[in-house]
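Before any comments, here is the structure.
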Amino acid sequence: MATPKALVAGNWKMNGVTENLVEIEKLNDLLGQGAPGCDVLICPPFTLIHQSMQVAGDHVEIGAQDCHANIAGAHTGDISAAMLTDQGCKYVIVAHSERRTDHGETNEMVRGKADAAQKEGLTAIICVGETEAERDAGDALPVVTSQVRESIPAEAVVANTVVAYEPVWAIGTGRTPTTADVAEVHAAVREVLIERFGTEGANVRILYGGSVKPENARELMSVDNVNGALVGGASLKADSFYGIIQAYD
Ligand code: 13P
């Protein structure tokens, strides 16, 4: 099986109101100048998904930032995977470290969400990553590999799973790991994916996330087993996000 196209995904987090949709429109226009060498995804807040679909054009996919593990029911304020497919989403991020921290999401909870997403035909972008204290203690690899073992459902295949390695200490800080550190973690993630899912695991995309910018994207995206990026701050503006996508020219 050929390695799938890289994926550059923007996570808008809790940012964006109607006036910011112009950035998605502009991004689609920029991408229209020449086919990008990667898939391009924006995950706006739930409130903007419908409107984002109207302006995303042919070049930008729209996804979501979270979903519930159940398909429907008495869960005030939550959104199900079925609601996301109903809106035309193809991807949903689960297990972002901000959800693990702010909402106490465990590997088991994440697996339930990813499972619900996959059963609805969505591709789950499953985030993993160590804290600074865990890295300083020399535990980055065991932490990340156990997240990969415990957060990814047993039915994972290339079409329904993307893994995103986001060291917590690199998110929104302007700090990034060395390329050697990225290579080491991505190789360890790949090893577990192959052990669990065979050929599919060999081809599941593994994204790097954490302070990716146009200035460092080319270097980070050239590391072995880095199959794209999950971008926060730099995805909010079309120009900077496009600058990252150009790493795949
Ligand atoms: P930044 O790119 O702002 O560091 O955020 C990364 C991230 O958390 C994407 O999910």
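First listed ligand is number 1; within each ligand, the first listed atom is number 1.
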| note | Of all protein heavy atoms, the one nearest atom 2 (O) of ligand 1 is Gly232 N, 2.8 Å
| request: Would you mind running through ligand 1 and noting each atom that sits below 4.0 Å from a heavy atom of His96? | output: 7 (C), 8 (O), 9 (C), 10 (O)
| message | Quick one about Asn107 and Ser151 (side-chain donor to acceptor, distance below 3.5 Å, no hydrogens or angles considered), yes or no? | response | yes
| Quick one: does Gly210 get a heavy atom under 4.0 Å from ligand 1? | yes
| task | Mark up the atoms of ligand 1 that fall under 4.0 Å of a heavy atom belonging to Leu230, in ascending order. | result | 9 (C), 10 (O)
| Option with minimal heavy-atom separation from atom 4 (O) of ligand 1, where the choices are Ala164, Ala234, Gly172, Gly209 | Gly172
| field | Numbering as shown, the atoms of ligand 1 that approach Ser211 to under 4.0 Å (heavy-atom distance) | value | 1 (P), 2 (O), 4 (O)
| remark: of all protein heavy atoms, closest to atom 3 (O) of ligand 1 is Gly233 N, 2.8 Å
| Is it true that Asp224 and Arg190 have a side-chain N and a carboxylate O under 4.0 angstrom from each other? | no
| task | Say whether Lys13, considering both its backbone and side-chain N or O atoms, lies within less than 3.5 Å of an N or O atom on ligand 1. | result | yes
| said: Just to verify, which of His96, Lys113, Arg100 counts as forming a side-chain hydrogen bond (donor to acceptor under 3.5 Å, both in side chains) with Glu105? | reply: Lys113
| Taking the side chain from Trp12 and the backbone from Ser235, do they hold a donor-acceptor pair closer than 3.5 Å? | yes
| Of all heavy-atom pairs between Gly172 and Ser211, which one has the smallest distance, and what is that distance? | N-OG, 3.9 Å
| task | Please answer whether the main-chain N or O of Arg149 pairs with a side-chain N or O of Arg196 as donor and acceptor at a distance below 3.5 Å. | result | yes
| request: Output the list of atoms in ligand 1 that are nearer than 4.0 Å to some heavy atom of Glu166, sorted by atom number. | output: 6 (C), 7 (C), 8 (O), 9 (C), 10 (O)
| field | Validation row: Asn11, Gln65 side chains within 4.5 angstrom (heavy atoms) | value | yes
| query | Which of the atoms of ligand 1 are close to Asn11, meaning less than 4.0 Å from one of its heavy atoms? | reply | 9 (C), 10 (O)
